[in-house]
There are 2 protein chains.
Amino acid sequence: MISKKTKYALMALIYLAREYDRGPVLIADLAERENIPKKFLELILLALKNNGILQSKKGKGGGYYLGRAAKDISIGQVIRVLDGPLAPVPCVSETAYASCQECRDEATCGIRLVMKEVRDAMAAILDGTTLSDLIERVEREVKKREGIIDYTI
Amino acid sequence: MISKKTKYALMALIYLAREYDRGPVLIADLAERENIPKKFLELILLALKNNGILQSKKGKGGGYYLGRAAKDISIGQVIRVLDGPLAPVPCVSETAYASCQECRDEATCGIRLVMKEVRDAMAAILDGTTLSDLIERVEREVKKREGIIDYTI
DNA sequence: TTTTAGTCGATTAAATCGATAGACTAAATT
DNA sequence: AATTTAGTCTATCGATTTAATCGACTAAAA
């Protein structure tokens, strides 16, 4: 399960991607709009900023905004910043490898073999999906549903 | 990341699958062989038993043994017993659906769309891999490495 | 120089994780 | 029937993590 931190982060990023043209967004506004505890959101945005995903401006007219294009921010990157590596076991992580203490022989560990497959499958999806993909897919879904409603009215 | 509980469970199950022909295995033996804290292992084996994955016999000559054939025990089943649902968010779980509190409209939630993909990919691998698959693959891997060693000696 | 708004460190409460203790129950043997 | 063997169950523990909050601080505009 992903943490609330990551969920809030994704919600905030989607919002910021949508509002990008209108300049920096205040933490307070974001918190209210997306129903995220403000102080908690501060930590999340700061972490995203420290990892280059967001940028910020202080003082009047300040706030947070995307650090790079929405099409260059993958869901995988966001999860790694807030929840750590995607891998189900440390010994198959590409970004944060560590050996498992319980493991006798990593080279022939059956658990490792399956978990490597799982990691790769997850990474393919999460690193292959960007913020803009997400927004696009949601828009398609909304339109599809509006279509259905049109018929039923 | 999967928990130690799940890792220990998989290690124990692989051991029990290999020892199946020799009858019930004592918790104490299993604990020593696989370097798992005995009291902790008790809880794990009990949980597996209560979910039909293991069976047990009390008294002399007793111990734990597989509740069904190794080819009918999937890794996914084991993980669900000890770590809960595979799904990264409750709203995409097939075995333990629950709505996400943060979510406004589940039908058009972008996070949900990706996480559904992730869950399905994970489930395909984990429910499609059984204990016997695991053992078979380890054996293949061991043979491959022995082959390499033969050449290098 | 005052207002605005992000930054940072410390703290908290609750939940989860990994592990252990001890009493209990069932089955087999003597 | 008594004893030994071995799994069952409940409770508890400390450490870590998660979700959240407080307050003081700093930088940028007006």
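We name chains A, B, ... by the order of the sequence lines, and we start the count at 1 in each one. The figures here come from the full heavy-atom set of this structure, side chains too, leaving out hydrogens, waters and symmetry mates.
Classification of B:Lys143 and B:Glu146 as a salt-bridged pair fails, no side-chain N sitting under 4.0 Å from a carboxylate O. A salt bridge links B:Arg137 with A:Glu117; the closest basic N to acidic carboxylate O contact falls under 4.0 Å.
In terms of position along DNA chain D, the nucleotide closest to B:Ala28 lies nearer the 5' end than the nucleotide closest to the other residue of the pair A:Asp83 and B:Ala28. Both A:Glu42 and A:Lys5 lie near DNA chain D, and the one whose nearest nucleotide falls closer to the 5' end is A:Lys5.
In this structure, CG of B:Leu26 is placed 10 Å from C1' of D:dG7, rounded to the nearest angstrom. For the pair B:Ile2 CD1 and C:dC17 P, the computed distance is 13 Å after rounding to whole Å. Atom NZ of A:Lys57 is separated from atom P of D:dA28 by 11 Å (rounded to the nearest Å). Atom NZ of A:Lys7 and atom C1' of D:dT18 are 13 Å apart (whole Å). For A:Leu45 and C:dG6, the CG to P distance is 9 Å, given to the nearest whole Å. Atom C1' of nucleotide D:dA27 and atom NZ of A:Lys49 are separated by 10 Å, given to the nearest angstrom. Counting to the nearest Å, the P atom of C:dA5 and the CG atom of A:Asp29 are 9 Å from each other. Look at CD1 on A:Ile44: it is 8 Å from P on D:dA20, rounded to the nearest Å.
Closest approach to the A:Lys60 side chain among D:dT8, C:dT4, D:dA20 is made by C:dT4 (side chain taken as heavy atoms from C-beta onward). With distances taken from any side-chain atom of A:Ser56 to the nucleotides D:dA20, C:dG6, D:dA19, the minimum falls on C:dG6. Each of C:dA19, C:dT4, D:dA19 was ranked by its minimum atom distance to the side chain of A:Phe40; first place goes to D:dA19.
Side-chain atoms of B:Lys58 and base atoms of D:dT5 include no donor and acceptor less than 3.5 Å apart. One N or O donor and one acceptor, one from the side chain of A:Lys39 and one from the base of D:dG23, sit under 3.5 Å apart.
Among the heavy atoms of the strands lying under 4.0 Å from A:Lys4 are primed sugar atoms or P, OP1, OP2 only; no base atom is included. Within the nucleic acid shown, A:Ile27 comes within 4.0 Å of sugar-phosphate atoms alone, with no base atom in reach, counting heavy atoms only.
Considering all non-hydrogen atoms of both residues, B:Ala9 and B:Val78 come closest at CB-CG1, 4.0 Å.
In B:Glu32, the CD atom is not crowded: 12 or fewer heavy atoms of neighbouring residues, nucleotides or ligands sit closer than 6.0 Å. Dense packing is recorded around OH of B:Tyr97, with more than 12 heavy atoms of other residues, nucleotides or ligands lying under 6.0 Å away.
One finds a side-chain N or O of A:Tyr8 lying less than 4.0 angstrom from the OP1 or OP2 phosphate oxygen of D:dA20.
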